[in-house]
Amino acid sequence: MTQTLEPAPATSARGRVDAWLAEFEAALAARDAGRAADLFATTCFWRDLVSFTWNITTVEGRDGVTDLLQATLDTTDPRGFRTTEEPSESGGVTEAWIEFETSVGRARGHLRLVEEGAWTLLTTLYELKGHEEPQGEARPKGVEHGARRDRISWKEAREAENAEMGRTSQPYVVVVGGGQGGIALGARLRQLGVPHVVVDRHERPGDQWRSRYKSLCLHDPVWYDHLPYIDFPKNWPVFAPKDKIGDWLEMYTKVMEINYWPSTTCTSASYDQQAGEWTVVLDRAGEQVVLHPEQLVLATGMSGKANVPTIPGQDRFRGEQHHSSQHPGPDAYAGKRAVVIGSNNSAHDICAALWEHGADVTMVQRSSTHIVKSDSLMELGLADLYSERAVASGITTQKADMIFASLPYRIMHEFQKPIYDAIRERDADFYERLEKAGFWLDFGDDDSGLFMKYLRRGSGYYIDVGAADLVANGDITLVHGTVRELTEDAVVLDDGTELPADLVVYATGYGSMNGWAADLINQEVADKVGKVWGLGSGTAKDPGPWEGEERNMWKPTQQEGLWFHGGNLHQSRHYSLYLALQLKARQEGIPTPVYRLQEVHHRS
């Protein structure tokens, strides 16, 4: 709720913020982009989530601010800038929470001021005027009092909606993928009144988690993982087991009234440019259903199809072999010889579970891996925003998400480096043991650690919950190299080393999400959209040029009506709002001129 703050002295933190906001608004009202840009520091960053740009984009420097404003001011018509709580000051930086309105919506943001002007500005759309979510005092009554013939109950209305969808009515949005990303987006669309269908090939919501290897659990803490609208209960475990998450997702899907079609596979999709709609062909429990949505969202996570290497001899290997995504768990492999190719999260988890069940386990490390102990990541990396301590100090999930979003990706690594310097010092003995065991360690190309690796490439790390000690102790055998071939009963490395094996697990990661577009639509559309994920940092597996935001995620792509949604639970929660607002605006015919549509520099 907006607070009305009393006038403050010009020399106070709030006085400086109020003066800046007043000058900024006056320049915007005069449509003087250059004057507004002069209120920013020479080195500055403005990150906008939909409110000005109908995009997710960051501009840099005064020239970038000028360009954004010249392109968007007339259609955005921003006004009413104000602080919502008392600003703070530390180390020469004044920070303030703000809100404002545009011609079509309401927005909030965050401002950092230095002596020269605005250093960082975050602006985010959270509500469309006339299309507010039914919350608080606007919540639905749920019942119509009085006597009326032919009354339809809530249950009957829901059953009718499900029966008619795809037959007498069409969804505006089809979401392919019913994991946490598709479910979070479905909840947002339901609250905004957007006709939608979320389809998933599994039998029940949550089966994406239930079907994974049995030792899998969340490596991120509970405070980081809430879904929209409904937080996990206060007794929920810090690190939730996979089946518990599966049950939560199933419950959530029901109580949030998401139009969720399980046992449904999308077999093809094609776009009719003239009609402005998709033809989406589904196999729904053996029945062919054809839908014609205007918007298609691929919500298959942050990864594409599994990378399964092609290795000579795979056809003659007599044991079992599969990708980590198909690993059933360790139960059947007691006493077996297991070779796991890879050294990131899945590889470590699978190796540890196999060892616990009495398998003889070998890990093949092909390149260096960043490892961080879970406790250290929790205490030094996340506790300020996502912890019980943060909650006690007034940092709600929404506020934590906004603080995190307020740091532009261009400079985020500078904030991450000190965290990992502290972790490296704290866990020096742990890292020394790993290196003595021969493990190839890294802390990222620029020593910025796990989260930047995740944002840049989505791979190359392991959050240690115990497996690293098994490697350091030699309980899990560690070897290095690439696989040259498989024989009938062994994995052969490029140096000729033979690793006897009854089981080979390819923990070899995933491709870009546009691989799903190639499969469902065609390669031409996949190439038109280009690579999905990554910042263009120029670091390993994240080729430049600099993009400034995650490629093609949660925003318009070069293919009209095609969107990508996913990431971890935090990103699925936070960015589902901005994607849902973009979709709702289009459904309602609100003009959505996109500033800086995603460019394509890499096809995969």
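If you're wondering where the values come from, they're calculated on a predicted model, not measured in any experiment.
Here OG of S572 is found 8.0 Å from CG of L227. Values are rounded to the nearest 0.5 Å. Of the inter-residue distances, the one linking I476 atom CD1 with T362 atom OG1 reads 9.5 Å to the nearest 0.5 angstrom.
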Exercise for the section: Output, in order, the C-alpha distance, side-chain angles, deciding distance and verdict of salt bridge (Lys or Arg N to Asp or Glu O under 4.0 Å) for D445 and R457. Expected result: CA-CA 12 Å; D445 286 23; R457 53 183 281 191; 5.8 Å; no

Exercise for the section: Verify salt bridge (Lys or Arg N to Asp or Glu O under 4.0 Å) between D502 and R337, making sure each step is shown before the conclusion. Expected result: CA-CA 5 Å; D502 305 299; R337 301 165 299 177; 3.1 Å; yes

Practice task
Decide salt bridge (Lys or Arg N to Asp or Glu O under 4.0 Å) for D542 and R551; before the verdict, give the C-alpha distance in whole Å, the side-chain angles of both, and the deciding distance to 0.1 Å.
Solution key: CA-CA 11 Å; D542 183 30; R551 297 182 186 94; 3.2 Å; yes

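Contact of the V600 side chain with the T557 side chain is not registered, since no non-hydrogen atoms from C-beta on lie closer than 4.5 Å. Contact annotation: the side chain of W516 never approaches that of V532 to less than 4.5 Å [non-hydrogen atoms, C-beta and beyond]. D225 is not listed as a side-chain neighbour of Y386, based on a closest heavy-atom distance of 4.5 Å or more. The closest side-chain heavy-atom distance from R410 to T58 is not below 4.5 Å. With a 4.5 Å cut-off on side-chain heavy atoms, L486 and Q314 count as touching. Between L535 and W546 the shortest side-chain heavy-atom distance falls below 4.5 Å. Looking only at side-chain heavy atoms (C-beta outward), V340 and L354 come within less than 4.5 Å of each other. No side-chain heavy atom of V174 sits under 4.5 Å from any side-chain heavy atom of W278.
Ring pair H574/Y578 is perpendicular by interplanar angle, where above 60° counts as perpendicular and below 30° as parallel. Note on ring orientation: taking the six-membered ring where Trp is involved, the planes of H327 and H322 are tilted (angle from 30° to 60°). Ring-plane geometry between F232 and H226 is classed as tilted, the angle between the planes lying from 30 to 60 degrees on a 0 to 90 degree scale.
Annotation: cation-pi pair R586/Y172 absent, no NZ/CZ under 6.0 Å from the ring centroid and within 45° of its normal. Judged by the 6.0 Å and 45° rule, K541 forms no cation-pi pair with W533.
Under the 4.0 Å criterion applied to side-chain N and carboxylate O atoms, D469 and R433 are assigned as salt-bridge partners. The pair R210-E203 fails the salt-bridge criterion, with no side-chain N (NZ, NE, NH1 or NH2) lying under 4.0 Å from an Asp/Glu carboxylate O. Using a cutoff of 4.0 Å between basic side-chain nitrogens and carboxylate oxygens, D489 and R318 are scored as salt-bridged. A salt bridge is absent between E524 and K528; no separation between the charged side-chain nitrogens and carboxylate oxygens falls under 4.0 Å.
Residues A468 and Y462 approach most closely at N-CE2, 4.0 Å, considering heavy atoms. Of all heavy-atom pairs spanning D446 and K417, the tightest one is O-CE, 3.0 Å.
A distance of 6.0 Å or more separates the ring centres of F404 and Y224. For H323 and Y506, the distance between ring centers is not under 6.0 angstrom.
At least one donor-acceptor pair closer than 3.5 Å links the side chain of Y454 to the backbone N or O of N568. A donor-acceptor pair under 3.5 Å is absent between the side-chain atoms of Y333 and the main chain of H357, judged by distance alone. The closest donor-acceptor contact from the side chain of S211 to the backbone of W209 lies at 3.5 Å or more, if one exists at all.
Summarising the local packing, CZ of R201 is surrounded by 12 or fewer heavy atoms from other residues, nucleotides or ligands at distances under 6.0 Å. Other residues, nucleotides and ligands contribute more than 12 heavy atoms inside 6.0 Å of the CZ atom of R316. Within 6.0 Å of atom NZ in K336, 12 or fewer heavy atoms from other residues, nucleotides or ligands are found, so the atom counts as exposed in its surroundings.
With H348 as the fixed residue, the ring-ring contact (aromatic ring centres under 6.0 Å, His included) test singles out one of F439, W355, Y461: F439. With V297 as reference, L579 is the one residue of L579, L562, L189 to meet the side chain to side chain contact (heavy atoms under 4.5 Å, CB included) rule.
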